[in-house]
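Working notes for the structure below.
Reckoned from all heavy atoms, side chains included, excluding hydrogens, waters and symmetry mates.
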Amino acid sequence: MAGGKIFQPSTKIRLTNVSIVRLRKGGKRFEVACYKNKVTEWRTGVEKDIDEVLQIHQIYVNVSKGQVAKTEELRKCFNTEDVDEVIKEVLMKGEQQVSDKERHHQLDNMLRDIATVVAEKCVNPATQQPYTVTMIEKIMADIHYSVNPNRSAKQQALDVIKQIQEQNTVPISRAQMRIRISMPRKDAKRLREKILELVATIEDEERDEGGGEEYEQVCLIDPGQYRAVTELISGVPKGAGTVEILSLRDINDEDSTLN
């Protein structure tokens with residue numbers, strides 16, 4: 001049809017579970033169609049395969065109408081015709097189009113993830129006991145922590161720990177717990193592998209059958225594993241299993257990562 005528009009079904013988008021990321025640049029609008037929840041993973045480095053993020057490997061001026069951005073528009077606004085480079089810029093700098101309800105849900109989930117990381121890695125140094133996730137969530141509310149959806153939970157957990165310490169809201173420190181686990185040797189044979197899944201480092205262990213009827217292990221655990229360890233040992237018959245907190249092993253506050 002001369003002079004008329006050519007209808008291309010391949011550009012018409014009818015997708016489910018789609019999240020649009022939009023960037024305005026050079027007076028133009030550019031959009032990419034992504035899978036929900038994948039944009040944040042890409043921005044925080046959790047997801048490195050861009051094809052797992054994009055529903056369609058294309059740049060649009062309007063996703064819902066299937067209007068693809070022209071090459072000359074990319075060249076004019078981004079100084080490149082490289083589609084991959086433009087997509088990456090839109091993903092990193094663009095605004096994710098979500099409803100207020102979706103945004104609120106995302107922030108709630110992220111807040112919970114941050115609190116979980118803090119609870120797993122920190123203790124109250126005064127009592128040598130770990131904090132619960134619910135307690136950390138309340139503390140985050142008290143310090144008015146603002147969740148950033150574009151940063152990972154681990155990155156923000158470090159910020160939360162630092163702010164709690166600076167504001168002296170509650171005593172908190174990054175540490176591993178040094179504990180002693182004791183039980184009859186016959187029960188240790190059954191439970192040892194499960195214990196090892198929860199332990200960060202074994203410092204001392206009596207495994208020699210000649211060591212008597214009692215099995216003993218001194219180890220380091222992340223605070224978040226303490227409850228799991230105690231629940232596991234509480235299953236030893238006749239209350240013959242015990243878990244004793246010996247001390248805390250401080251983690252260097254200058255360490256900027258959480259493993």
Are the side chains of Ile114 and Met110 in contact, using a 4.5 Å heavy-atom criterion? yes

Contact check, side chains of Thr80 and Leu74, non-hydrogen atoms, under 4.5 Å: no

Would you call Lys38 and Glu41 a salt bridge, taking side-chain N to carboxylate O under 4.0 Å as the test? yes

Taking side chain as C-beta onward, heavy atoms only, is Ile59 less than 4.5 Å from Val83? yes

Measuring only between side-chain heavy atoms, which start at C-beta, is Arg43 closer than 4.5 Å to Val21? yes

Nearest 0.5 Å please: distance from the CG atom of Asp51 over to the CD1 atom of Ile56. 12.0 Å

Charged N to carboxylate O below 4.0 Å: is that the case for Lys76 and Glu72? no

Would you say Val86 and Val90 make side-chain contact, with heavy atoms under 4.5 Å? yes

Does any pair with a residue in residues 63-112 pass ring pair (Phe, Tyr, Trp, His ring centres under 6.0 Å), and if so which ones, sequence neighbours excluded? Phe30-Phe78

Indicate whether any N or O donor in one side chain lies under 3.5 Å from an N or O acceptor in the other, for Ser146 and Asn148. no

side-chain contact (heavy atoms from CB on, under 4.5 Å) with Gln176: which residues, sequence neighbours excluded? Ala200, Leu220, Asp222, Arg249, Ile251

Within this structure, what is the CD-CZ distance for the pair Glu244 and Arg178, rounded to the nearest 0.5 Å? 12.5 Å

Does the side chain of Ile202 reach to within under 4.5 Å of the side chain of Leu196, using non-hydrogen atoms? yes

Just by distance, no angles: are the side chains of Gln156 and Arg151 close enough, under 3.5 Å, to form a donor-acceptor pair? no

Among Asn124, Val123, Ile139, Val118, which one satisfies side chain to side chain contact (heavy atoms under 4.5 Å, CB included) with Ile172? Val118

Is it true that Asp159 and Lys162 have a side-chain N and a carboxylate O under 4.0 angstrom from each other? no

Report yes or no: do Gln217 and Tyr215 form a side-chain donor-acceptor pair below 3.5 Å? yes

So does Glu95 have more than 12 non-hydrogen atoms from other groups sitting under 6.0 Å from CD? no

Does the side chain of Glu214 come under 3.5 Å of the side chain of Ser182 through a donor N or O and an acceptor N or O? no

Tell me, yes or no, whether the heavy-atom count around Lys25 atom NZ, taken from other residues, nucleotides or ligands under 6.0 Å, exceeds 12. yes

Might you confirm whether atom CZ of Arg190 has over 12 heavy atoms from other residues, nucleotides or ligands at distances under 6.0 Å? yes

Lys/Arg-Asp/Glu bridge criterion (N-O < 4.0 Å) met for Glu216, Arg185: no

Gap between atom SG of Cys34 and atom CD1 of Ile20 - 0.5 Å precision: 9.0 Å

Heavy atoms, side chains only, cut-off 4.5 Å: are Val32 and Gln58 in contact? no

Once you round to the nearest 0.5 Å, how far does CD1 of Ile245 lie from OH of Tyr226? 4.0 Å

One should read off an interatomic distance between Asp187 CG and Lys238 NZ, to the nearest 0.5 angstrom, of 10.0 Å

Test item: Glu73 side-chain N/O and Lys70 main-chain N/O as donor-acceptor pair under 3.5 Å: yes

Ion pair check, Asp142 and Lys138, cut-off under 4.0 Å: yes

